[in-house]
**Student:** 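Next up is a structure, given as C-alpha cells.
Values in this document were obtained by computation on a predicted structure and should not be read as measured data. Side chains are part of it too, since the values below use all heavy atoms of this structure and drop only hydrogens, waters and symmetry mates.
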Amino acid sequence: MQKPDWLRVKAPQRERIGAVADMLVDLNLNTVCQEASCPNIGECFAGGTATFLIMGPGCTRACPYCDIDFDKSVRTLDPTEPERLGEAVARLGLKHVVITSVNRDDLDDGGASQFVACIQQVKKRSPLTTIELLIPDFCGNWEALATVMNAAPHVLNHNIETVPRLYRKARPQGLYERSLELLQQVRDNWPRAYTKSGLMVGLGEDDAEVIEVLQDLRAHQVDIVTIGQYLSPGPKHLPVDRFVTPGQFEHYRQHGEKELGFLQVVSTPLTRSSYHAGEVQRLMQAHPR
C-alpha cells in the first residue's frame with residue numbers, strides 16, 4: 001500500500017541528530033528510536049531527546065509487527081548499563097526521560113532489577129528529572145512489577161498494542177487481559193503514579209474495536225493513551241491493513257478525552273508511545289497526586 005501524504009516525513013539530517021547519536025555510541029547505549037525504526041527519530045534527536053532501550057537490543061519475543069531483533073539466547077545483564085544511562089540523561093539535561101526495554105523472558109524477574117538500577121542512577125545524577133517507564137508484562141509476575149513500582153517512577157507505561165481479536169496474530173505471547181490487569185495493579189497499589197498505554201491502528205482492526213479498547217483502558221483507570229498508525233518495517237512483518245485518516249485520529253482523541261475522561265489522548269498518524277512524552281509534566285502539574 002502506498003503511504004498517504006500525511007505519513008511522509010523528511011529524512012533526518014546528520015547535523016541535526018549527530019550530537020545525540022554520537023553520545024549514544026560513546027556511552028554504548030541503545031534507543032528504541034533506532035532499534036524500532038521510529039519515524040520521529042529526526043525530530044526527537046534534534047531536540048536532544050531519546051527513549052532509552054535497556055537490556056537489549058535483542059528481544060525474547062518475536063512479535064511480527066516489531067523491528068527489534070529476536071534473540072532467545074540466555075544473556076547476563078550489563079551492570080554498567082544503569083550508570084551509563086544516568087550519564088546520558090545528565091549530559092542531555094533531560095527534564096523527562098523515558099526508559100523502556102526489550103522483553104527478557106529469560107530472566108526470573110523479567111529485568112525488573114535493571115529498571116530499578118536505572119531509576120536510581122537517574123535520580124542520583126538528575127534529581128529533578130521525571131521518569132517514565134515503558135515496561136513489558138513480566139509474564140504476569142506481579143512481584144517483579146512491585147519491584148519496579150517501589151522505585152517510584154512518575155509514569156508507568158505499558159502498551160496494550162492492539163485490539164483483543166488480533167492478539168494471536170500480532171502479539172502471540174501477550175495476553176490482552178493480563179496487560180489490563182497490570183495497569184490496574186499499578187493504579188490500585190501505587191496511586192500516585194500516572195498510568196499510560198498505547199495502541200497501533202492499521203493492523204486489521206475497525207474503529208468500533210478501537211473505541212472498545214479505549215473503554216477498557218479507561219475502565220482500568222488509565223490516565224494517558226497514545227494512538228498511532230502502524231507502519232510495517234519490512235516484507236517479513238505484518239502488512240498494513242489500512243491507513244487511518246488524520247480526521248479519524250482526531251475523533252479517537254476527542255472521544256477519549258471528552259467522552260471517556262482520559263487526562264490526555266495523543267492521537268495522530270505519527271504518534272508513538274514516547275512521542276512528546278515530556279508533555280506529561282504539564283499534566284502532572286494540572287492534576288497533582
Side-chain angles (χ1 to χ4, degrees), residues 32 38 40 43-44 47 49 51 94-100 115 119 122 128-137 145 148-163 176-201 205 207-229 244 246-289:
V32 74
C38 178
N40 303 312
E43 179 182 351
C44 294
T49 64
T51 296
L94 298 183
K95 295 180 179 180
H96 183 80
V97 61
V98 182
I99 305 169
T100 189
F115 272 111
I119 292 172
V122 171
L128 299 180
T129 299
T130 51
I131 300 171
E132 176 177 331
L133 301 185
L134 172 55
I135 65 170
D137 61 19
L145 177 64
V148 169
M149 292 308 303
N150 288 337
H154 301 86
V155 181
L156 192 286
N157 188 353
H158 173 68
N159 283 338
I160 203 77
E161 300 292 12
T162 188
V163 304
Y176 183 78
E177 294 78 10
R178 185 166 67 195
S179 287
L180 289 175
E181 184 179 356
L182 183 153
L183 292 161
Q184 188 67 58
Q185 288 267 350
V186 174
R187 169 57 63 243
D188 291 343
N189 296 297
W190 297 274
R192 293 191 63 186
Y194 297 81
T195 53
K196 181 177 176 180
S197 190
L199 67 153
M200 304 168 287
V201 291
E205 76 297 321
D207 291 332
E209 289 177 302
V210 174
I211 297 300
E212 288 175 2
V213 171
L214 292 177
Q215 291 170 339
D216 286 344
L217 291 172
R218 193 67 196 110
H220 288 74
Q221 299 178 280
V222 171
D223 298 309
I224 303 165
V225 174
T226 58
I227 310 173
Q229 172 70 50
V244 178
Q248 185 59 43
F249 277 105
E250 176 62 13
H251 173 73
Y252 297 150
R253 185 193 69 79
Q254 292 197 25
H255 184 80
E257 291 183 353
K258 296 181 180 179
E259 302 297 327
L260 299 179
F262 289 102
L263 295 184
Q264 183 185 48
V265 177
V266 183
S267 177
T268 69
L270 291 174
T271 290
R272 297 297 181 265
S273 297
S274 54
Y275 187 50
H276 290 180
E279 293 178 5
V280 75
Q281 288 189 327
R282 175 180 58 81
L283 293 179
M284 294 168 67
Q285 292 172 356
H287 304 275
R289 292 179 177 163

**Student:** Under 4.5 Å between any side-chain heavy atoms of Glu132 and His96, yes or no?
**Tutor:**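 SC-SC contact between Glu132 and His96 confirmed.
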**Student:** Here's a test for you: under side-chain contact (heavy atoms from CB on, under 4.5 Å), which of Leu263, Leu283, Leu156 qualifies with Tyr194?
**Tutor:**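 Single side-chain contact (heavy atoms from CB on, under 4.5 Å) partner of Tyr194 among Leu263, Leu283, Leu156: Leu263.
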**Student:** Between Thr129 (side chain) and Leu94 (backbone), is there a donor-acceptor pair under 3.5 Å?
**Tutor:** yes
**Student:** For Val244 and Gln229, which heavy atoms make the closest approach, and how far apart are they?
**Tutor:** N-OE1, 2.9 Å
**Student:** Identify, with sequence neighbours excluded, every residue that meets side-chain hydrogen bond (donor to acceptor under 3.5 Å, both in side chains) alongside Ser267.
**Tutor:** none
**Student:** Going by heavy atoms in the side chains, are Leu180 and Val222 under 4.5 Å from each other?
**Tutor:** no
**Student:** For Gln221 versus Gln184, what's the shortest heavy-atom pair and its separation?
**Tutor:**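 Answer, listing the atom of Gln221 first, then Gln184: OE1-NE2, 2.9 Å.
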**Student:** Going from NE2 on His255 to CD on Glu250, what distance comes out if it is rounded to the nearest 0.5 angstrom?
**Tutor:** 13.5 Å
**Student:** Grab the two heavy atoms, one from Ser179 and one from Asn159, that are nearest each other, plus how far apart they are.
**Tutor:** OG-O, 4.4 Å
**Student:** Please identify each residue that fulfils salt bridge (Lys or Arg N to Asp or Glu O under 4.0 Å) with Glu257, with sequence neighbours left out.
**Tutor:** Arg253
**Student:** Which heavy-atom pair separates Ser197 from His158 by the least distance, and what is that distance?
**Tutor:** OG-O, 2.7 Å
**Student:** Quick one: salt bridge (Lys or Arg N to Asp or Glu O under 4.0 Å) partners of Arg289, sequence neighbours excluded?
**Tutor:**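 By the salt bridge (Lys or Arg N to Asp or Glu O under 4.0 Å) rule, Arg289 matches Asp223.
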**Student:** Is a side-chain N or O of Thr130 found less than 3.5 angstrom from the main chain of Lys95, in a donor-acceptor match?
**Tutor:** yes
**Student:** Starting from the C-alpha separation in whole Å, work towards a yes-or-no answer on side chain to side chain contact (heavy atoms under 4.5 Å, CB included) for Leu133 and Ile119.
**Tutor:** CA-CA 9 Å; Leu133 301 185; Ile119 292 172; 3.6 Å; yes
**Student:** List the residues meeting ring-ring contact (aromatic ring centres under 6.0 Å, His included) with Phe262, not counting sequence neighbours, and say none if there are none.
**Tutor:** none
**Student:** So, taking the atom named CZ in Arg272 and the one named OG1 in Thr226, what distance separates them when rounded to the nearest 0.5 Å?
**Tutor:**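 Going from CZ on Arg272 over to OG1 on Thr226, the span is 9.5 Å.
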**Student:** Run the side-chain hydrogen bond (donor to acceptor under 3.5 Å, both in side chains) test against Asp137 and tell me which residues pass, sequence neighbours left out.
**Tutor:**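 Residues passing side-chain hydrogen bond (donor to acceptor under 3.5 Å, both in side chains) with Asp137: Arg61, Arg178.
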**Student:** Applying the side-chain contact (heavy atoms from CB on, under 4.5 Å) test to Ile227, which of Val266, Thr271, Leu214 qualifies?
**Tutor:**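 Single pass found, and it is Leu214.
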**Student:** Atom CD in Glu205, atom CD in Glu212: separation rounded to 0.5 Å?
**Tutor:** 12.0 Å
**Student:** Mark yes or no for whether Arg187, through its side chain, and Ala193, through its backbone, hold a donor-acceptor pair below 3.5 Å.
**Tutor:**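 Judged by distance alone, yes, a pair lies under 3.5 Å.
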**Student:** Decide yes or no on side chain to side chain contact (heavy atoms under 4.5 Å, CB included) for Ile135 and Leu145, but give the supporting numbers first.
**Tutor:** CA-CA 9 Å; Ile135 65 170; Leu145 177 64; 3.7 Å; yes
**Student:** Determine whether the side chains of Gln285 and Gln281 contain a donor N or O and an acceptor N or O closer than 3.5 Å.
**Tutor:**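 Judged by distance alone, the side chains do not pair up.
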**Student:** Might you work through the side chain to side chain contact (heavy atoms under 4.5 Å, CB included) test for Gln185 and Met149, ending with a clear yes or no?
**Tutor:** CA-CA 10 Å; Gln185 288 267 350; Met149 292 308 303; over 6 Å; no
**Student:** Could you walk me through whether Leu134 and Thr51 satisfy the side chain to side chain contact (heavy atoms under 4.5 Å, CB included) test, starting with their C-alpha distance in whole Å, then the side-chain angles of each, then the deciding distance to 0.1 Å, before giving a yes or no?
**Tutor:** CA-CA 9 Å; Leu134 172 55; Thr51 296; 5.6 Å; no
**Student:** Are any of the side-chain heavy atoms of Tyr176 and Asp216 separated by less than 4.5 Å?
**Tutor:** yes
**Student:** Quick one: pull up OG1 in Thr195 and CG in Asn157 and give me the separation to the nearest 0.5 Å.
**Tutor:**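 It comes to 9.0 Å.
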**Student:** Under the side-chain hydrogen bond (donor to acceptor under 3.5 Å, both in side chains) test, which residues partner Asp207, sequence neighbours left out?
**Tutor:** Arg242, Tyr252
